[in-house]
Amino acid sequence: MPEPFRVILFIIFVMAFAGLNAAYLVWCERKGAGHIQRRIGPKEVGPFGLLQPLADGIKLMTKQLFIPKGADPILFMVAPLMVMVPAIMSFCVIPFSETFVAREINIGLLMIFAFASVNVLGLLLGGWGSGNKYAVIAAARCVSQNVAYEIPMLITTITMVMVTNTMNLNEIVRAQAGWFFHWHFFRLDISLLMPVAFLIFFICSLAETNRAPFDMAEAESELIAGAYTEYPGMGFGVFFMGEYANIVIGCALSVILFLGGWQSPIPFNPAGFIGVLWGLFWFLLKLYALIFTVIWIRWTYPRTQFYELLNLSWKVLIPFSLFNLILTALQIKIFPWL
Amino acid sequence: MNGSLQQDLNQETFTLNLGPQHPATHGVLRVKLVMDGEYIVEAEPVLGYIHRMHEKMGENRTWVKFLPNCGRMDYLSALSYNHGYVAAVERAAGIEVPERAEYLRVITVELNRISSHLLWFGAFVLDLGGFTPLLYAFDDREQILDLLESVTGSRLTYCYFRFGGVYNDIDDAFITGTREFIKRLRKRMPMYHALVTKNIILIKRLKDIGPISKDMARRYGATGPVARGSGINFDVRRHEPYSVYPEFDFDVPVYEEGDSMARYMVRMDEIEQSMRIVEQALDKLPEGDIQPKKAVKLVKPPKGDYYQAVEAARGSFGVRLVSDGTNTAYRLKLRSPTYSNLSLFGEASRGMLLPDALALMGSLDLVIPEIDR
Amino acid sequence: MMLAKIKEALAELYEEIPAAAETAAAEAVPEEAAAEQADAAIPEAPEEAGTEEEAEEPVAPPGPKETDYVATGYHLDTALPPEKIVAAVEILNREDFFLETITGVDWIDAQQLEVVYDFNHFDENCRVVLRSMLDRSKPEIPTISDIYQGANWHERETHDFFGIVFTGHPNLEPLLLPEDADFHPLLKDFKA
Amino acid sequence: MGTQDVQPPIIHFASLDKILSLGRANSLWPMTFGLACCAIEMMATGASRFDLARFGAEVFRPSPRQCDVMIVAGTISKKMEPAVKTLYDQMPEPKWVIAMGNCAISGGPFVFEGQYGIVEGADKFLPVDIYIPGCPPRPEALIEGILELEEKVTGFRRWPRVEAK
């Protein structure tokens, strides 16, 4: 396939994936929440309520759009895009399967983190631009939360880069080939704290994507709807899609770095097209298992307090991730044959 | 709101209007907050957004016609309010109540108390950002509503008590249903404790948050679980026994800490105590009439003023009647517990972070129409 | 017992009253005279009571009056002139009473407004009622919100409903009524 | 009614309009906005037994900007009236109003001669689409109200109507 054609095809795929994913994650979330809460959840709109996201989408898209009085019109309009676009861009480097990746670049990991920081800016501008006090509080919270959690997340990521010697996401996955105990999560021989590192990374990605129990920015019972308070219709919809896309990115990174990406748990990798599907299957399975955990956590735990959140980051996660970094470095240095 | 943001940005503090429509206020309460960042410098609740003139109606309607209003003041524990009002009028007019009716009153009031506490439990955790307990609490609450509906005829705004008795007798289905429900709730309570009470996030958010000292509770006249959470052993059912409460063996849970966790624990323990009372009342339930032999037709309490307090789900609910000897009250003062409980919010929340203040507010168990009356 | 103790303490307040209006108080009251319990027309404060009014209706004695708890629901009924209220509340505060509620009653026939304070005790069952009669044309009474902070709202509410002015109150704005309300709905001559 | 402020489009696409109204009808997000007793029944409607989520209407948004339907659940006092009006104005079009309970319909039991505190019905200042009587209405009644509103939006009834026996 010629390269430009391939890229265009993948961009279409990625956008469709991101959009559909967001829509159907909302459905999953509502349905999952329903079942966790002893009720059914969406059921009447289409079979199993499957058309529910479609109805919501149509509704949101045809909602009146306006800029509230007192808001900064440019920031207000741009902010949702600044959440959505980087998330979609990040999809480009995610290897869904060995060859099923839009662009396999050497600094994929770096690129994702670069885009992930733009996402915060989107929320900040959205909160600020709304000219609403609740939104401003939410924006301020969001920034300090993201700053705090980016540090342990990056330290953990650096540890993983050190282990794999690459920032190419596909290479990182390839390094975990073989049985499932070759996945980094189980590689205690590389670092004794590997499961802890995974936990740190997962917690950080929860915090980075503003998910419960760290949903400070959209604390409904405190700040109405946080940074989204003033957004009507599709502005809100785009924020929402961005949020879910970010969840997918966060979970996909966890899967790639620790859970073997598209590797199957047994050393069986068919070649050709079947192999692509085989990898895709395992990748999505792991991805959605993690996403389900995220949903599960949301409907189980109350929200943390803000200072607890920062305490957790500065006093627990950062020291642990630093310690992990040192330990891993030592282990690699002492047992170089691993 | 938007215009004032620009002004406030130039100052050290800014004002924030919490409500009258805000998810955390459980209704139409407005709190004017002066904030320094996320710290509360000053909080002033503004009431009256659901002031429904109950006291004026008390002066306009005959004694009997005021009965439905009781269920609409505190719709979560409507039967306590029924009880308070009915008992006050009975005291004033000297009406005797058959023993069976008193037992039925206690049974239904305690069931209502459980349902009120369950709803509070859910809504409180919802304030803290946990959604699911609310749905579980509602699941249990629906069972109580079914039971109460079979007796009283309504789901929420009960008007079950009459002067001198109750309106309807219970049947065997109610008794077995209630016993089954208690068995079921006994099984569920450990689950609530395991899932919610012992949750580390919840503990961190409630422990030492919003302390209310004994003295503060007294100065503001706080009663009910709020006072009991501050180490004050005060329960009208014990302190000033009315109805047939002296015949039951129950504890008054008291916690010394005075923080939100203490208030939470008081209410959770009260659910258990209420279940004990209901069980005992069902065991001891005497046969007999549920209304006086000679039906109470016209109520005309003699001239004078009378006071009657009962322990509602949220504290001491008092009715002060001033009668001029006619079939209408000359003055009907309703002392609602949350009114006093909320009045300490301003002092207690000073210097707190906004989410902590909301945890404190949730732990006060507000029902706004009861505050505004 | 709390009841006897507080009764004694409150009775001392009355001993000081004659200094201001000696004749009226001394003449009017045979101590401990049994009045019918909880008369709706509450006795007027001694110094306000003019001689001719005394002649018209039987006046209950000043001084704390024990009432039949079963019949009325409170133990001690204390009618005081407005300026004595603060002193009485301070006594109650010393004994760790808590404020249940403050309310008003409009005695339109007598052209008077009554303020009623309900106190209760956490440890013992002892309900004390303080009441004071005010002139309906100029209802003023000192605030107790500096002693019992909880009284703040109760006083505001009473001001809302009856227009009774609590002098010295920090913030006597409408609480339950709209901010700009200038009516007092529980007055008997109120028309919407 | 609910869409009164929106200019009617110049060109109508019949089938598109139908899809749009179907989408809107099946995604009625109410506002987390309870005034009094009825609000508890509104919560009960969203909770386990009655589960408003089945019809996609359980997304109670706390911000009026993201709501489609305002369920006026309870008595509107004169002090609250401006706030309710503001909330309604803050909702983006198209929007609908459900008056839940007797208080929101007419003032309910709180209307008497000389009343000084309440607004006698939400329709005094809001364009109400659906009235649900009851004091408070049962959750089933609220669900029926939502279905009734769906019918109003789409023009046809998807679910069988329950007739009183």
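Numbered from 1 within each chain, the chains take letters A, B, ... in sequence-line order.
- Residue Met31(D) touches chain B through its side chain alone, counting heavy-atom pairs closer than 4.5 Å.
- Across Glu113(D) and Asn60(B), no two heavy atoms sit closer than the pair O-ND2, 4.3 Å.
- Annotation: side chain of His51(B) is not in contact with side chain of Ser77(D) (no heavy-atom distance under 4.5 Å).
- Contact annotation for Phe60(D): neither backbone nor side-chain heavy atoms come within less than 4.5 Å of a heavy atom of chain B.
- Atoms SG and CZ, on Cys37(D) and Arg155(B) in that order, are 13.5 Å from each other to the nearest 0.5 Å.
- Within the 4.5 Å cutoff, the side chain of Arg138(D) has heavy atoms near those of the Glu149(B) side chain.
- Interface residues of residues 129-146 of chain B toward chain D, defined by a heavy-atom distance below 4.5 Å and sorted by number: Leu134(B), Leu135(B), Phe138(B), Asp139(B), Arg141(B), Glu142(B), Gln143(B), Asp146(B).
- Heavy-atom distances place no part of Ala39(D) under 4.5 Å from chain B, backbone and side chain included.
- Interface remark: Ile118(D) contributes backbone and side-chain atoms alike to the contact with chain B (heavy atom separation under 4.5 Å).
- Tyr49(B) and Met80(D) make their closest contact through O-CB, 3.5 Å (heavy atoms, listed as atom of the first residue, atom of the second, distance).
- Across all their heavy atoms, Pro369(B) and Leu35(D) have their closest contact at CG-O, 4.3 Å.
- Looking at every heavy atom in both residues, Pro109(D) comes nearest to Met57(B) through O-CE, 3.1 Å.
- In this structure, the portions of Arg72(B) lying under 4.5 Å from any heavy atom of chain D include both its backbone and its side chain.
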- Give the intermediate values and the outcome of side chain to side chain contact (heavy atoms under 4.5 Å, CB included) for residues Val46(B) and Lys79(D). CA-CA 11 Å; Val46(B) 182; Lys79(D) 197 171 180 178; 4.0 Å; yes
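- Using the six-membered ring where Trp is involved, Phe110(D) and His54(B) have ring planes that are perpendicular, over 60° apart on the 30 and 60° scheme.
- Considering every non-hydrogen atom in both Met53(B) and Gly117(D), the closest pair reads SD-N, 3.2 Å.
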